[in-house]
Asks: 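The following block contains the structure, expressed as structure tokens.
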Number of protein chains: 2
Amino acid sequence: MQCDCGASVEAVDAAHAEHVAKTLKALADPNRLRILALVSSSESGEACVCDLTGPLGLSQPTVSHHMRILREAGIVESDRRGKWVHFRIAAEAPAEVGAVLDRLAVGV
Amino acid sequence: MQCDCGASVEAVDAAHAEHVAKTLKALADPNRLRILALVSSSESGEACVCDLTGPLGLSQPTVSHHMRILREAGIVESDRRGKWVHFRIAAEAPAEVGAVLDRLAVGV
DNA sequence: CAGATGTATCGATGGATGTCAATATGTAGA
DNA sequence: TCTACATATTGACATCCATCGATACATCTG
């Protein structure tokens, strides 16, 4: 520590960093990003697992696994109606989600 | 595909999703988030590896490894001045970086 | 109740990733 | 040139993660 940059020892609480990282980890997968794009761009703003396997080229268990990760991160919320489980972007989704969806839509 | 959600087959290009995911992967590590917080909150807006190993409790090679990932993702840029390599948040850092830094600072 | 259909879970597997010790590279000063 | 110090790279290792097939669970319809 010889450099005089003035870096503080506790700029960010480790637990807090862990929490934010957990959200970002849930977003940091190309197929999960495509899932979010498909869900948010669908007419109803919702989609079921069986709607996603085709466009994504993934198996049903894999898509279900991704939905679980997104749900546990608070990024999507689900709602069972009959045989189908409808997923949509969560109302109280973390702040970064909006920024990521925008960038996905814009195509930058 | 029995559900009538109206999900389109090509909501987001796979290559584009891959690209955005790469940025998010670089951000999705608690120690890299702490690095960004330390760098951006330092007096000069810069920090060297040797400034970070102490606060993070990580070895010098590990911190150097993280800086490489952040640099290759375009999140930080580096500048060698004498023995030290100074890192700072890149001027043209991806859009999500700002949102993440804000959330880190706010402590939400 | 029995069959069909949508979803979730389990177990296995190949690949990616974070970490460190050892070592190499680069730079300043004696 | 030799030494000290900051950083980068390499190799090894343990762990996590995305994926799939098989299977269990849930719901609707005959």
Side-chain angles (χ1 to χ4, degrees), chain A residues 1-5 7 14 17-18 21-36 38-39 46-73 75-88, chain B residues 1-5 7 14 17-18 20-36 38-39 44 46-73 75-88:
Chain A
M1 198 161 336
Q2 318 270 10
C3 186
D4 57 347
C5 316
E18 193 94 36
K22 204 161 275 186
T23 299
L24 292 171
K25 263 193 226 295
L27 291 172
D29 178 273
N31 285 324
R32 284 197 287 273
L33 292 179
R34 295 176 71 197
I35 287 174
L36 294 179
L38 286 167
V39 169
E46 293 182 337
C48 325
V49 171
C50 63
D51 292 310
L52 301 171
T53 54
L56 294 171
L58 295 176
S59 71
Q60 177 269 320
T62 299
V63 174
S64 186
H65 168 71
H66 285 312
M67 300 319 287
R68 176 197 183 100
I69 291 178
L70 291 171
R71 178 160 22 93
E72 289 180 345
I75 297 172
V76 304
E77 50 194 10
S78 60
D79 178 16
R80 177 154 221 149
R81 291 204 288 277
K83 287 188 291 192
W84 296 282
V85 177
H86 296 251
F87 293 91
R88 59 186 165 278
Chain B
M1 193 151 356
Q2 317 271 13
C3 187
D4 57 346
C5 317
E18 192 94 38
V20 175
K22 203 161 275 185
T23 299
L24 292 170
K25 262 194 226 294
L27 290 172
D29 179 272
N31 286 324
R32 284 198 287 273
L33 291 178
R34 294 175 72 198
I35 287 174
L36 293 179
L38 285 166
V39 169
S44 57
E46 294 181 334
C48 325
V49 171
C50 64
D51 292 309
L52 300 171
T53 54
L56 294 171
L58 295 176
S59 71
Q60 176 270 320
T62 298
V63 174
S64 186
H65 168 71
H66 285 311
M67 301 318 287
R68 176 197 182 100
I69 290 179
L70 290 171
R71 178 159 22 92
E72 289 179 345
I75 298 172
V76 304
E77 51 194 10
S78 60
D79 177 17
R80 177 153 221 148
R81 290 205 289 277
K83 289 187 289 190
W84 296 283
V85 176
H86 297 251
F87 293 90
R88 59 185 166 279

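Residue numbers begin at 1 in each chain, while the letters A, B, ... track the order of the sequences. Just so we're clear, the structure is a prediction, and the values are computed from it rather than from any experiment.
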Asks: Given side chains that start at C-beta, do those of B:His66 and B:Leu58 come closer than 4.5 Å, heavy atoms only?
Replies: yes
Asks: Please report the distance, rounded to the nearest Å, between CG in B:Leu52 and P in D:dA8.
Replies: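 Distance, rounded to whole Å: 11 Å.
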Asks: Please identify each residue that fulfils side chain to side chain contact (heavy atoms under 4.5 Å, CB included) with A:Glu77, with sequence neighbours left out.
Replies: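 Listed in chain order: A:Arg88, A:Ala90, A:Ala91.
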Asks: Please report, rounded to the nearest Å, how far the C1' atom of C:dT17 is from the NZ atom of B:Lys22.
Replies: 14 Å
Asks: In whole Å, what is the span from the CG atom of B:Asp51 to the C1' atom of D:dT7?
Replies: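 About 13 Å, once rounded to whole Å.
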Asks: Side chains of B:Val76 and B:Val39: does their closest heavy-atom pair fall under 4.5 Å?
Replies: no
Asks: Search all heavy atoms of B:Pro55 against all heavy atoms of B:Arg34 and return the closest pair with its distance.
Replies: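 Closest approach of B:Pro55 to B:Arg34: O-NH2, 3.3 Å.
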Asks: Pairs under 3.5 angstrom, nitrogen or oxygen only, protein versus nucleotides 18-22 of chain D, please.
Replies:
unit_1 : atom_1 : unit_2  : atom_2 : d
D:dA18 : OP1    : A:Arg32 : NH1    : 3.3
D:dA18 : OP1    : A:Arg32 : NH2    : 2.7
D:dT19 : OP1    : A:Asn31 : ND2    : 2.6
D:dT19 : OP2    : A:His66 : NE2    : 2.3
D:dC20 : OP2    : A:Ser59 : N      : 3.0
D:dC20 : OP2    : A:Ser59 : OG     : 3.0
D:dC20 : OP2    : A:Thr62 : OG1    : 2.7

Asks: Please state how far atom CZ in A:Arg71 lies from atom P in C:dT7, giving the value in whole angstrom units.
Replies: 12 Å
Asks: Send over the distance from A:Lys83 NZ to C:dA8 C1', rounded to a whole Å.
Replies: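 So the two atoms are 16 Å apart, to the nearest Å.
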Asks: Would you mind reading off the distance between A:Leu24 atom CG and C:dT17 atom P, rounded to a whole angstrom?
Replies: 15 Å
Asks: Would you find a donor on one side and an acceptor on the other, under 3.5 Å apart, between the side chain of B:Arg32 and the backbone of B:Ala26?
Replies: yes
Asks: Are B:Ile69 and B:Asp29 packed together at the side-chain level, in the sense that at least one heavy-atom pair is separated by less than 4.5 angstrom?
Replies: no
Asks: Would you say a side-chain N or O of B:Arg68 is under 4.0 Å from OP1 or OP2 of D:dT9?
Replies: yes
Asks: Ignoring backbone atoms, test whether B:Arg80 places a side-chain nitrogen or oxygen under 4.0 Å from the OP1 or OP2 oxygen of C:dG26.
Replies: no
Asks: Give the dot-bracket string for DNA chain D, reading 5' to 3', where a pair is Watson-Crick or G-U wobble with both distances under 3.5 Å, ( ) marks pairs inside the strand, [ ] marks pairs crossing earlier ones, | marks a partner on another strand, and . marks unpaired.
Replies: ||||||||||||||||||||||||||||||
Asks: How many whole angstroms separate atom NE2 of A:His86 from atom C1' of C:dG6?
Replies: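 Taking NE2 of A:His86 and C1' of C:dG6, I get 11 Å after rounding.
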Asks: Is there side-chain contact between B:Leu27 and B:Leu36, with at least one heavy-atom pair below 4.5 Å?
Replies: yes
Asks: Take A:Glu18 and A:Lys22, measure what salt bridge (Lys or Arg N to Asp or Glu O under 4.0 Å) needs, and give me the verdict at the end.
Replies: CA-CA 6 Å; A:Glu18 193 94 36; A:Lys22 204 161 275 186; 5.9 Å; no
Asks: Is there side-chain contact between A:Val85 and A:Val49, with at least one heavy-atom pair below 4.5 Å?
Replies: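 Side-chain contact under 4.5 Å: no.
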Asks: Could you tell me how far apart B:Ile35 (CD1) and C:dG18 (C1') are, to the nearest whole angstrom?
Replies: 12 Å
